[in-house]
Amino acid sequence: MPHIQIYDPALCCSTGVCGVEVDQELVGFSADADWAKQNGAYLERFNLAQQPMAFAENPVVKAFLERSGAEALPLVLVDGEVALAGRYPSRTELTRWSGIASAEEKPQSGCCGGNNSCR
Amino acid sequence: MTQLKFLSQAPRFLFFTGKGGVGKTSIACATAVHLAEAGQQVLLVSTDPASNVGQVFGISIGNQITAIPRIAGLAALEIDPQAAAQAYRDRIVGPVRGVLPDAVVKGIEEQLSGACTTEIAAFDEFTALLIDSAMTAGYGHIVFDTAPTGHTIRLLQLPGAWSGFLEEGKGDASCLGPLAGLEKQRGQYKAAVAALADPKRSRLILVARAQLSTLREVARTHEELDAIGLSRQYLVINGILPQAEAAQDPLATAICQREQLALATMPAVLEALPCDLIELKPFNVLGLEALRQLLTTTTATPHTEAITPAIQTPNLSTLVDDIAINGHGLVMLMGKGGVGKTTLAAAVAVDLAQRGLPVLLTTSDPAAHLGETLVGVLDNLTVSRIDPHTETERYRQHVLETKGAKLDTQGRALLEEDLRSPCTEEIAVFQAFSRIIREAGKKFVVMDTAPTGHTLLLLDATGAYHREVARQMASGIHYLTPMMQLQDSKQTKVLLVTLAETTPVLEAANLQADLRRAGIEPWAWVINNSVAAATVHSPLLRQRAANELREINAVAHQHAKRYAVVPLLQDEPVGVGKLLEMTRPPLRKP
């Protein structure tokens, strides 16, 4: 089972409602991540404000932060390699990476399936 | 003393809650002394950032259990919530400092500098005292001079919030916020919350003053705690001026009348609670003897012919002189609830308008009473309103209906909980705020509300301003970010409002530190409702005036670049004439 790791930016809370505006992508992704896990995906999330050690200990993530800074997050690793940066994955992408059955796929959450095209 | 309801059949845990300056610490100390002298083993715990428990007993206490000399069975402990929050931040940030880029580390620290973090870190500290442990086993009573807020308790109750984080130590999608860095086990928090909610073990005592605004605030606290099952509360109204003081002193008479009116029109939800009244004492509540007397009824202090004349201090109008020079700009009055920001904002606005300058007064006064009395009174004065409750509710509903629309029940519950955090109100009010401050380029905008430095830093960091700026640029308007505008002392003057009492001055100093972190330098301090700046006969008021001098001194010499003192007034300052009296007090004949 491929290992998906998502490195979130520093957030007071992971839905982001404590920030200046609620990020629809974030709210939607939280639901997608839950769904993927319930369907057997091996998925972990790390919040920079809460688990910065997870960022520091991973050389790929650390180098990414040094080069691009925290504003370039989120960063998604699949089996330790960079799969995506700067946006959250869609439900389709999660399904593909994790190899879980896509038959159960439901309508995607988020205003545009998380692919950012309508923002 | 035994007739006081909140002391009758006291359970093991006693919590005193109320806003700064109402006398929680004094009453908590007096309660602890009373219980110890009745033969109990008592631990007194202070989590007040301005804790003066040590001062009250004349010893130094600090962060370890210390026996109080001369009172058998009494020990005390001071928990500093700021230090607790700092320790919490260090625990999270310390290991990555120097490992991750400095800018990244700084961003994390700012995220962890909010009110929520401090709240949770303090609760973490006293969770250990609420659960059964060897450390507290010997104490029959544990008395706290503060209580966790409804928001903290709800966070800790939230069942979904715990899955993942504390059991696996892993991040999850849930909206836990500051809970993630906590050290203790889930079971301990659960036990602590259960102890809090059990009236056989815990009693929550709301402490207030006989003032309409304070009582309204206490009613809100009551409803919030009631909603999460902490319904059996007691009410203590502290510092009531005895009727006997009214003789020969017009100011004392006016205060008595005002207090009696506030008590008579108390919010209905409070009327149902067991209530005790404690009279204002002619002495400072320091030392054992004073503590013993605090909970007794006063014997009237004999009147003498002596009077205390008003001290000479700069008045508010001298500050307005300097503000007026620019002809336009933003004036923000900041400070904790109940210090009189709304009234002072109105007074500054009226004083400016009286000089023929164009002024917009924006108030967050929930009653909107003051603003209404000024509508149409002066040609060049306009009045608008930001109601924090309305703004917050609108923001919450908007987020739930749009961003929360597709969430399942649990996801929605978590989002709803996040929207009840203290940050939410700040953000919602900020949005209304930034709309209004644009007016300050053409006229004076006087506001009784402002975002905290923490909010500004967070908002600035998230880049929201820059998006806003870009939008403005596109439409061709020259624009500054609110942050830039607030940092420029030529455009913006922040007036910190406080009272001449220990805790309010300390709270204002903390606010100043918070603003400085955001690069905003408060321009002046205003000490409101000062008895020392009035002329008084009443022995009690003369004592209060004497007590104020130390605080006024501290503001003048330690905290403020410039300051003004506004005397306690006989009448509620409603209308232009009365408001002008606040900035330019008439010379009162003794």
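The figures that follow rest on heavy atoms only: side chains count, while hydrogens, waters and symmetry mates do not.
Pairing each heavy atom of B/L112 with each of A/A49, the nearest pair is CD1-O, 3.7 Å.
In the displayed structure, A/H3 atom NE2 is contacted under 6.0 Å by more than 12 heavy atoms of other residues, nucleotides or ligands.
Note on B/V93, B/V105, B/I108, B/V104: by heavy-atom pairs under 4.5 Å with chain A, the leading option is B/I108. Chain B forms more heavy-atom pairs under 4.5 Å with one residue of A/E66, A/M53, A/E71 than with any other, namely A/M53.
When side chains are defined from C-beta on, A/F55 counts as touching B/L100, because their heavy atoms get closer than 4.5 Å.
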